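Notes to accompany the following structure.
Atoms within a ligand are numbered from 1 in the order they appear, just like the ligands themselves. Please read all numbers here as calculations on a predicted model, not as lab measurements. Computed from heavy atoms alone, side chains included, the values below leave out hydrogens, waters and symmetry copies.
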Amino acid sequence: MCEQGQIVIYIQPKYDVVHKKIVGGESLVRWLHPKFGMIPPFKFITVLEKNNYITRLDYYVWEKTCQLLRYLKDKNGSVLPISVNVSRVNFYTTNLVSNLLKLVEKYNLEPKDLQLEITETVYTEEKQVIYSIISELQEAGFKILMDDFGSGYSSLNMLKDAPIDVLKLDMAFMRNLDNENERNNIIVESIVELSKKLNISVVVEGVESEKQVNFLKSIGAEVIQGYYFSKPIPTDEYEKLIEE
Ligand code: C2E
Ligand code: CA
Ligand code: CA
């Protein structure tokens, strides 16, 4: 699939609603099938995770992302960071730290250009193994985003020692906001406040409406990722968007 150019990356911008500017993006994989059209990741990621092929797909996406970062840096002189997803399998079957370091070196990038998203459930697995690898990545200069925070078994207690630079609040919080769930809103507000005190940045996922944006502004959450600002878009569209 990769060799035939059927696997491509789309970028979804992250947007600062207060300063009204793009602050980076997330790289999301797409399978452009010649017969079936665009196949979304949920249809193939779980299968690839079962047979460990996911590490090859992830690596391919990271490399495509580095190529894009290099291209944009050459063109514009500087580049906004783009995050990539790091599947749990990488922690158990690959030399994650050295693979990522070699990759950024290959494209003469800095580790801070390529941010790493690790889903919260990974943090609840073999804590010692996972925490030490993530800490090594941080020491090497990579920024770590905890993805889907609040969707699974994470607890606030985890925040006391988990290596994290940025919390990505799961989309479910925005769905519940639409359902006028008062407790949900108090929880979102508290997480944002707590993160600030802990020096952890927040990105809110799945933001689709003005109402959600106004609520987030009112509680001091600045960075969003969601259809309100932009869907994931092809790399050439992202290039145009950041240059506007
Ligand atoms: P994710 O990492 O949580 O990515 C966010 C997903 O939410 C994306 O779905 C994005 O298109 C969608 N989304 C963004 N804003 C909105 C919104 O406002 N409303 C709604 N309803 N959805 C929104 P996508 O691209 O289908 O990806 C689904 C999942 O597949 C990702 O969730 C991630 O877990 C996984 N994935 C995608 N690319 C990769 C990859 O390269 N490697 C790995 N391991 N997983 C990937
Ligand atoms: Ca993600
Ligand atoms: Ca997410």
Side-chain angles (χ1 to χ4, degrees), residues 1-2 6-15 17 22 24-32 37-68 81-94 96 99-100 103 114-123 143-152 154 164-178 191 202-213 215-216 221 223-235 237-238:
M1 299 140 40
C2 293
Q6 292 182 22
I7 298 290
V8 299
I9 55 169
Y10 273 38
I11 309 291
Q12 186 173 33
K14 292 172 191 162
Y15 184 68
V17 289
I22 297 173
E26 174 179 5
S27 204
L28 294 156
V29 71
R30 296 288 180 265
W31 183 359
L32 303 179
M38 187 159 81
I39 305 176
F42 76 90
K43 293 216 168 139
F44 56 92
I45 295 262
T46 32
V47 182
L48 295 178
E49 270 173 344
K50 285 197 185 109
N51 56 27
N52 290 357
Y53 276 128
I54 188 69
T55 57
R56 287 167 64 184
L57 178 83
D58 275 354
Y59 191 88
Y60 183 81
V61 169
W62 305 340
E63 179 142 37
K64 286 280 154 204
T65 307
C66 284
Q67 286 167 359
L68 175 67
I82 297 180
S83 58
V84 292
N85 291 286
V86 180
S87 168
R88 59 176 292 283
V89 185
N90 289 286
F91 288 90
Y92 302 105
T93 63
T94 66
L96 187 58
N99 286 352
L100 279 163
L103 190 61
L114 187 74
Q115 300 183 333
L116 308 173
E117 298 203 2
I118 301 164
T119 190
E120 69 162 22
T121 48
V122 174
Y123 281 83
K143 289 268 174 281
I144 307 296
L145 289 69
M146 187 194 271
D147 204 357
D148 310 323
F149 180 77
S151 66
S154 61
I164 320 171
D165 299 294
V166 182
L167 262 193
K168 293 193 78 180
L169 265 199
D170 190 65
M171 305 193 189
F173 289 109
M174 290 300 101
R175 301 292 97 80
N176 288 326
L177 190 144
D178 289 340
I191 296 174
V202 174
V203 176
V204 184
E205 290 190 286
V207 179
E208 294 180 354
S209 69
E210 185 97 44
K211 182 181 159 199
Q212 293 169 342
V213 170
F215 169 73
L216 292 171
V223 181
I224 65 154
Q225 186 183 337
Y227 298 169
Y228 171 78
F229 181 70
S230 169
K231 291 196 169 183
I233 46 179
T235 54
E237 280 181 41
Y238 178 72

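- Rounding to the nearest 0.5 Å gives a distance of 14.0 Å between CZ of F173 and CG of D178.
- Note on ring orientation: taking the six-membered ring where Trp is involved, the planes of Y15 and F229 are parallel (angle under 30°, cut-offs 30° and 60°).
- Sorted by chain and number, the heavy-atom contacts of ligand 1 below 4.0 Å come from Q12, E26, L28, V29, R30, P41, I45, I54, D58, V61, N85, S87, D147, D148, M171, E205, G206, V207, E208, G226, Y227, P232.
- Atom NZ of K211 sits in a crowded spot, with more than 12 heavy atoms from other residues, nucleotides or ligands closer than 6.0 Å.
- In terms of modelled atom types and a separation under 3.5 Å, the side chain of D165 and the main chain of I144 share a donor-acceptor contact.
- The closest donor-acceptor contact from the side chain of N90 to the backbone of S87 lies under 3.5 Å.
- With 3.0 Å as the limit, S83 does not count as an N, O or S neighbour of the Ca ion (ligand 2).
- For the Ca ion (ligand 3), the count of nearby protein N/O/S atoms, taking only those under 3.0 Å, is 4.
- Expressed to the nearest 10°, the angle at the Ca ion (ligand 2) joining OD1 in N85 with OE2 in E26 is 90°.
- Around the OH atom of Y53, the shell of radius 6.0 Å holds no more than 12 heavy atoms that belong to other residues, nucleotides or ligands.
- Under a 3.5 Å cut-off, the side chain of R175 and the backbone N or O of G206 do form a donor-acceptor pair.
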Exercise for the section: Walk me through it: do V61 and K64 pass the test side-chain contact (heavy atoms from CB on, under 4.5 Å)? Expected result: CA-CA 5 Å; V61 169; K64 286 280 154 204; 5.7 Å; no
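- Side-chain contact check for K14 and S83: at least one donor-acceptor pair (N or O, by modelled atom type) lies under 3.5 Å.
- The closest donor-acceptor contact from the side chain of E120 to the backbone of G150 lies under 3.5 Å.
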